[in-house]
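What follows is one structure encoded as structure tokens, with my remarks underneath.
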Amino acid sequence: MPVHNSEIATMFDHVADLLDIQQANPFRIRAYRNAAATIRDQGRNIADMLEEGEDLSELPGIGVDLAGKISEIVKTGHLGLLDEIAKDIPDTLVEITAIPGIGPKRARALHEALDIGSLDDLEAAAEAGKIAGISGFGPKTQQKIRDELKKGDLAEHRVRLAMAEDFAIPLLAYIKDTPGVQTAEIAGSYRRRKETVGDLDILAAAQDGKGVIDRFVVYDEVETIVSQGETRSTVKLRSGLQVDLRVVPKVSFGAALHYFTGSKAHNIACRRRAQDRGLKLNEYGVFDGKTRICGATEQEVYDAIGLPPIPPVLRENRGEIEAAEKGALPELITLADIRGDLHCHTTASDGRNSIREMAEAAIARGYEYLAISDHSKSQTQAGGLDEAALAKHLDEIDRVRDDLGGIHILKASEVDILKDGSLDYDDDVLDKLDLVIAAVHANFDLDEDKQTERIIRAMDNRHVNIIAHPTGRLIGERRPYALNMKRLMKAAADRGCFLEINAEPLRLDLNDINCRMAKDAGVMVSIGTDAHSTGGLDHMRFGLDQARRGWLGPDNVVNTRNWSALSKLLRR
DNA sequence: GCCGTTTTCGGCCCGACTGTTTTCAGTCG
């Protein structure tokens, strides 16, 4: 039974939560959280690394002790430390800290005063009116607990970036439109272009914070006001999305933007750098003693701590500070680098627009080329084409090509990789195509070895240029299938095969970590929208976000090449 | 519990808002 990185990370986070309630050494607690983050950031399976004899204590934030605990988890599936802690406090006590306003200290107080050990215990105590009597608690807190329990909605739900935009853009316009607001930005993981965001963090520059906050909390979509002060406020929108607004004076805007953009780990590293220089960094600026030396722009903040500006997409404390220090930050790809889209569908299978409409839409976006890649015959529910239908379809592409100048239309197909790794069309059919995208659309539950070998076998076919959405995950809906990514990447590099970043907001597959692995493994990436309509071509920018978060530059991406370079690359 | 171009010991980021207090602890980001 292989242990996933996410399981180890979850156990470490759980240990941290429990130690927090025990009021253990806060730095020890942080060590567990940092280690959990490091483990999540590994593209490779930790269990595999261990098996291959790698020294895990060389990973950042993991020392001899935690390396030993990882090994224990991988070998036994258990962590003895958790049993130790359970003697003191119940495992399920952590649940109650999901209630806003209940943190580790109050959880402990509730446990000690009323022997509360779970959400159910808490609910019973709250309904019986026993909470308000505990020191540090009062009637308001008791009522809040009852309200939150009644609502039930305690699980953190992150929304996909594309959906967050739908709420963020009009809200930002509203804030910018508020009298007295000089400038405003959306910060947080939204600005870092993370694939999902937990809440929206908005920053505004204004002299009068209160006026801005007062108008913020009456925004049309606000359902509840969680907190409301002079310079900051938190609300919940009807959609359930939480929004934090912070207002600072203009001279502090850069420092506040830096602080509010995060990530937390990046901020901590920056603040530590400031400390090393005898300075203090907070959201109001960079300070020498009590004197504010700068902070109007992010550039000034980075200058003060001796670094070139670091793009928000890289601010995850995944080596960007060290790279910046050495002047080795990557040149990141931008939309302007993209010369074409190598994955889209038409009415021939499950798309909504014709070949001509898709091509015209690509021309309108300034592209040199577009690959028309409808589904193969096994995808019956998606209108996949059998050989005869494909032949007619290719003829139709020829007609549009003759008719429509100004763009190279590639005859392509998104061909199913069957369970045994063979392809859905025979080689003589594949021969007629300019580009073959191979994709897994069924049999997701093979074990890691079988799934990996299946895809590598598909890549053994010299017709295959691109593996589409390599992990198969759907954000928030379907986990990636089991795959040895390191083996897959090596195989792709050896065969001159490309891996896709599928730019569809639900997929974004490869993810940022895998993109970075691809770069390190020397695998080129193709960013394709998988558009099923002309509008879907605009999802390219979400794929670019993921690529940028994965440190990719124009050189790492196939579809930054001009037509002649691309055509050479497609010949394996 | 981790970490080191000052260090193998002694450090480890910083501030706003709320509710319960009667000056502040706890929570959150």
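Any value given below was found using the heavy atoms of this structure, including those in side chains, with hydrogens, waters and symmetry copies removed.
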- Query: Would Ser263(A) and Arg315(A) satisfy side chain to side chain donor-acceptor pair (under 3.5 Å), going step by step from the backbone distance to the final call?
  - Reply: CA-CA 6 Å; Ser263(A) 66; Arg315(A) 299 182 196 169; over 6 Å; no

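- If you measure from atom CZ of Arg33(A) to atom P of dG1(B), you get 14 Å, rounded to the nearest angstrom.
- For the C1' atoms, the distance linking dT21(B) with dG26(B) amounts to 12 Å, nearest Å.
- Rounded to whole Å, the separation between the C1' atoms of dT20(B) and dG4(B) comes to 43 Å.
- Syn is the glycosidic conformation of dT7(B), whose angle stays within 90° of 0.
- For the segment residues 179-186 of chain A, no residue has any heavy atom less than 4.0 angstrom from an atom of DNA chain B.
- Side-chain nitrogen and oxygen atoms of Lys69(A) include at least one within less than 4.0 Å of the OP1 or OP2 phosphate oxygen of dG1(B).
- A gap of 34 Å separates the C1' atoms of dT18(B) and dC2(B), to the nearest Å.
- With Asp512(A) as the partner, the salt bridge (Lys or Arg N to Asp or Glu O under 4.0 Å) test is satisfied by one option alone out of Lys194(A), Arg548(A), Arg318(A), Lys519(A): Arg318(A).
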- Item | Contact state string [nucleotides 16-22 of chain B, B base, S sugar-phosphate only, - no protein heavy atom under 4.0 Å] | SSSSSS-

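- Base pairing of dC24(B): its partner is dG19(B), meeting the Watson-Crick or G-U wobble criterion (both donor-acceptor distances under 3.5 Å).
- Between the side chains of Asp55(A) and Ser57(A), at least one donor N or O lies within less than 3.5 Å of an accepting N or O.
- Between the NZ atom of Lys280(A) and the P atom of dC13(B) there is a distance of 14 Å, given to the nearest Å.
- Using a 4.0 Å heavy-atom criterion, one finds that Pro100(A) contacts the sugar-phosphate atoms exclusively.
- Distances shorter than 4.0 Å separate some side-chain N or O of Asn282(A) from OP1 or OP2 on dG15(B).
- Distance Gln242(A) CD to dT27(B) P: 17 Å, rounded to the nearest Å.
- With Val94(A) as the partner, the side chain to side chain contact (heavy atoms under 4.5 Å, CB included) test is satisfied by one option alone out of Ile89(A), Asp20(A), Asp17(A): Asp17(A).
- Annotation: salt bridge (Lys or Arg N to Asp or Glu O under 4.0 Å) contacts of Asp91(A) (sequence neighbours excluded): none.
- One C1' atom belongs to dC13(B), the other to dG29(B), and the distance between them is 13 Å to the nearest Å.
- In terms of phosphate contacts, Arg271(A) brings no side-chain nitrogen or oxygen within less than 4.0 Å of OP1 or OP2 of dC13(B).
- A cation-pi arrangement is absent between Arg191(A) and Phe260(A) under the rule of less than 6.0 angstrom and at most 45 degrees off the ring axis.
- Rounding to the nearest 0.5 angstrom, the gap separating the CD1 atom in Ile39(A) from the OG atom in Ser6(A) is 10.5 Å.
- The residue Lys264(A) sits close to a base: some heavy atom pair falls under 4.0 Å.
- A gap of 25 Å separates the C1' atoms of dG15(B) and dG10(B), to the nearest Å.
- To the nearest angstrom, P of dG1(B) lies 12 Å from CD of Glu72(A).
- Applying the ring pair (Phe, Tyr, Trp, His ring centres under 6.0 Å) criterion to Tyr32(A), with sequence neighbours excluded, gives Phe12(A).
- Between the side chain of Thr178(A) and the main chain of Tyr174(A), a donor-acceptor pair closer than 3.5 Å is present.
- The side chain to side chain contact (heavy atoms under 4.5 Å, CB included) test with Leu281(A) singles out one residue from Gln275(A), Arg273(A), Arg272(A), His258(A), and that residue is His258(A).
- In terms of modelled atom types and a separation under 3.5 Å, the side chain of Arg193(A) and the main chain of Val313(A) share no donor-acceptor contact.
- Proximity of a side-chain donor or acceptor of Gln42(A) to a complementary backbone N or O of Thr38(A) within less than 3.5 Å is detected.
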Pairs: protein N or O with nucleotides 3-12 of chain B N or O, under 3.5 Å:
residue : atom : partner  : partner atom : Å
dC3(B)  : OP1  : Gly61(A) : N            : 2.8

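- Between the Asp121(A) side chain and the Gly117(A) main chain, a donor and an acceptor come within less than 3.5 Å of each other.
- Under the 3.5 Å distance criterion, the side-chain polar atoms of Asp201(A) are left unmatched by any main-chain donor or acceptor of Asp244(A).
- The nearest whole Å value for the distance from the CG atom in Asp201(A) to the C1' atom in dC28(B) is 12 Å.
- Within residues 114-125 of chain A, no residue has a heavy atom under 4.0 Å from DNA chain B.
- Residue order along DNA chain B, read from the 5' end via each residue's closest nucleotide, puts Leu279(A) first among Lys105(A) and Leu279(A).
- Taking atom CG of residue Leu281(A) and atom P of nucleotide dG15(B), one finds them 10 Å apart after rounding to whole Å.
- dC17(B) and dT23(B) have their C1' atoms separated by 16 Å, with the value rounded to a whole Å.
- Remark: the separation of the P atoms in dC28(B) and dT22(B) is 23 Å, to the nearest Å.
- Spacing of C1' atoms, dG19(B) relative to dC12(B), comes out at 30 Å, to the nearest Å.
- Atom-to-atom, CD1 of Ile305(A) to P of dC13(B) comes out at 14 Å; the value is rounded to the nearest Å.
- In this structure, Arg192(A) forms no cation-pi arrangement with Tyr190(A), as its terminal cationic atom is not both closer than 6.0 Å to the ring centre and no more than 45° off the ring axis.
- Nucleotide dC13(B) holds its C1' atom 13 Å from the CG atom of Asn317(A), rounded to whole Å.
- Contacts of Ile99(A) with the nucleic acid, taken as non-hydrogen atoms under 4.0 Å apart, involve only primed sugar atoms and P, OP1 or OP2.
- If you check every strand for non-hydrogen atoms under 4.0 Å, Ile102(A) touches sugar and phosphate atoms only.
- Within the 3.5 Å criterion, the main-chain N or O of Ile175(A) finds no donor-acceptor partner in the side chain of Arg215(A).
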